[in-house]
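A short write-up of the structure that comes next.
Position 1 is the first residue of the sequence, and the numbers go up from there.
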Amino acid sequence: MSIIAVIRNFYYKLAGGYAVVAVLSWLFFGYVDYVLNIITPDSFSFDFEAIAVVNFIILVSIISLALAIFREKKWALVIAGVIGLVFIALFGITYINWIGVGIVALLFLYARQSGVEEIDQRTKINAKNIVRRTVPAVITAFFVLISFAAFQSPVARGIAEAEQLPLASQQLMRSIIDSVIGGQIETGPEKENIINQVSNETIKQFNNILKPYFQYAPPLLAFGLFLILWGLSWIFVWLSVFAGMVIFWILKKINFIRTEERDVRAEVLII
């Protein structure tokens, strides 16, 4: 095969990889946009779609492999740019979104470095180790973007503008009060009235105390969401590692990538 044909083949694969990443990113962020727009301060319910989680895992796995396979920094930056453009197209051109894209670029560069080191420092290519080294930074990048989207979401603005605790928080507080004092009150019509009165007064006091701080609801909501997602990240890491191994095997079978043995020079430590 001529050099021109090899170069052309590489760029075809590169373009194909970017196209897949763009489509999966659009579907994933489209679902995030739907969730953030349908939930309200009074209701955090939404239609959970398992396919969105599967989409996320496949997307993260493909990006994790691509960062190591395409190797060069410029390709990692292009992948970050594709993700960033999709994100901005759905959530708008804002300073915070551009900051998010910059963070994604830095995390992708770090992931690329980890993946390339894994390939270069081993005598045998191991897809599991490659994805395990790259995927945490990739997942973190997506969690950052999701948190930034939540920061700008209608529900965050709604809590800040309402200047009172969301209905879900009020219901939780009422349940706590019921469990604390409910057993000390005799069952009857008066019990419900007393609990309601205590709950309403407690919620009113909390709203008065927190009123100056409701303006900070958007960043607190975004940070809280990031912490929740980060706490669940180990699940996505291992699912992505498994998916990455399957995708790597498929890519080898269709000759998208291949491995070959070469003699290499190695450093030894001499005392």
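For the atom pair CD1 of Ile63 and OG of Ser25, the computed distance is 5.0 Å after rounding to the nearest 0.5 Å. The CG atom of Asn129 sits 11.0 Å away from the CD1 atom of Ile119 when rounded to the nearest 0.5 Å. With values rounded to the nearest 0.5 angstrom, Ile96 atom CD1 is found 10.5 Å from Leu145 atom CG. Expressed to the nearest 0.5 Å, how far CG of Leu27 lies from OH of Tyr31 amounts to 13.0 Å. The CD1 atom of Ile235 sits 11.0 Å away from atom CG of Leu229, with the distance rounded to the nearest 0.5 Å. A distance of 4.5 Å separates CD1 in Ile247 from CD1 in Ile62, rounded to the nearest 0.5 Å.
Sorted by first then second residue, the salt bridge (charged side-chain N to carboxylate O under 4.0 Å, His left out) pairs that include residues 220-241, not counting sequence neighbours, number zero. Within the structure, side chain to side chain donor-acceptor pair (under 3.5 Å) pairs that include any residue of residues 138-156 comprise Thr94-Gln152, Asn97-Gln152 (at least two apart or interchain). Listed by first then second residue, pairs satisfying salt bridge (charged side-chain N to carboxylate O under 4.0 Å, His left out) with a partner in residues 52-72 read Arg71-Asp120, Glu72-Lys74, not counting sequence neighbours. Sorted by first then second residue, the side chain to side chain donor-acceptor pair (under 3.5 Å) pairs that include residues 218-238, not counting sequence neighbours, number zero. Listed by first then second residue, pairs satisfying ring pair (Phe, Tyr, Trp, His ring centres under 6.0 Å) with a partner in residues 81-109 read Phe29-Phe87, Phe87-Phe91, not counting sequence neighbours.
The closest side-chain heavy-atom distance from Trp249 to Met245 is not below 4.5 Å. Residues Phe28 and Ile146 are in side-chain contact: their nearest non-hydrogen atoms beyond the backbone lie under 4.5 Å apart. Using a 4.5 Å heavy-atom cutoff, the side chains of Val60 and Val135 are in contact. Using a 4.5 Å cut-off on side-chain heavy atoms (C-beta onward), Ile83 and Phe142 make contact. By the 4.5 Å heavy-atom criterion applied to side chains, Leu90 and Trp26 are counted as neighbours. Two residues are said to be in side-chain contact when any heavy atoms from C-beta on lie closer than 4.5 Å; Phe248 and Val131 fail this criterion. The side-chain heavy atoms of Ile125 and Ile130, taken from C-beta on, include a pair separated by under 4.5 Å.
Considering every non-hydrogen atom in both Thr134 and Ser64, the closest pair reads OG1-CB, 3.1 Å. Here the shortest heavy-atom pairing between Gly84 and Val101 reads CA-CG2, 3.6 Å. Of all heavy-atom pairs between Leu225 and Ala150, the closest is CD2-CB, 3.6 Å. Residues Val104 and Ala80 approach most closely at CG1-CB, 4.1 Å, considering heavy atoms.
Residues meeting the side-chain contact (heavy atoms from CB on, under 4.5 Å) test with Phe256, sequence neighbours left out: Lys13, Leu251, Ile254. Every side-chain contact (heavy atoms from CB on, under 4.5 Å) that Ile99 has, sequence neighbours left out, goes to Ile103, Phe148. With sequence neighbours left out, Tyr110 forms a side-chain contact (heavy atoms from CB on, under 4.5 Å) with Ser114, Ala137. In this structure Arg133 satisfies the salt bridge (charged side-chain N to carboxylate O under 4.0 Å, His left out) test together with Glu117, Glu118, sequence neighbours excluded. Taking Val53 as the reference, Phe48, Ile57, Phe236 meet the side-chain contact (heavy atoms from CB on, under 4.5 Å) condition, with sequence neighbours excluded.
Applying the 4.5 Å side-chain rule to ILVMFWY residues, one finds Leu77 in the same cluster as Leu109. When hydrophobic side chains of Ile, Leu, Val, Met, Phe, Trp and Tyr are connected at separations under 4.5 Å, Val116 ends up as a singleton with no cluster partners.
At distances below 3.5 Å, not a single donor-acceptor pair connects side-chain atoms of Ser240 with backbone N or O atoms of Ser61.
The hydrophobic clustering, which links ILVMFWY residues whose side-chain heavy atoms are closer than 4.5 Å, places Val32 and Leu85 apart. Cluster membership check: Val23 does not share its hydrophobic cluster with Ile250, using side-chain heavy-atom separations under 4.5 Å among Ile, Leu, Val, Met, Phe, Trp and Tyr. Hydrophobic clustering, with ILVMFWY side chains joined whenever heavy atoms are under 4.5 angstrom apart, groups Val54 together with Val21.
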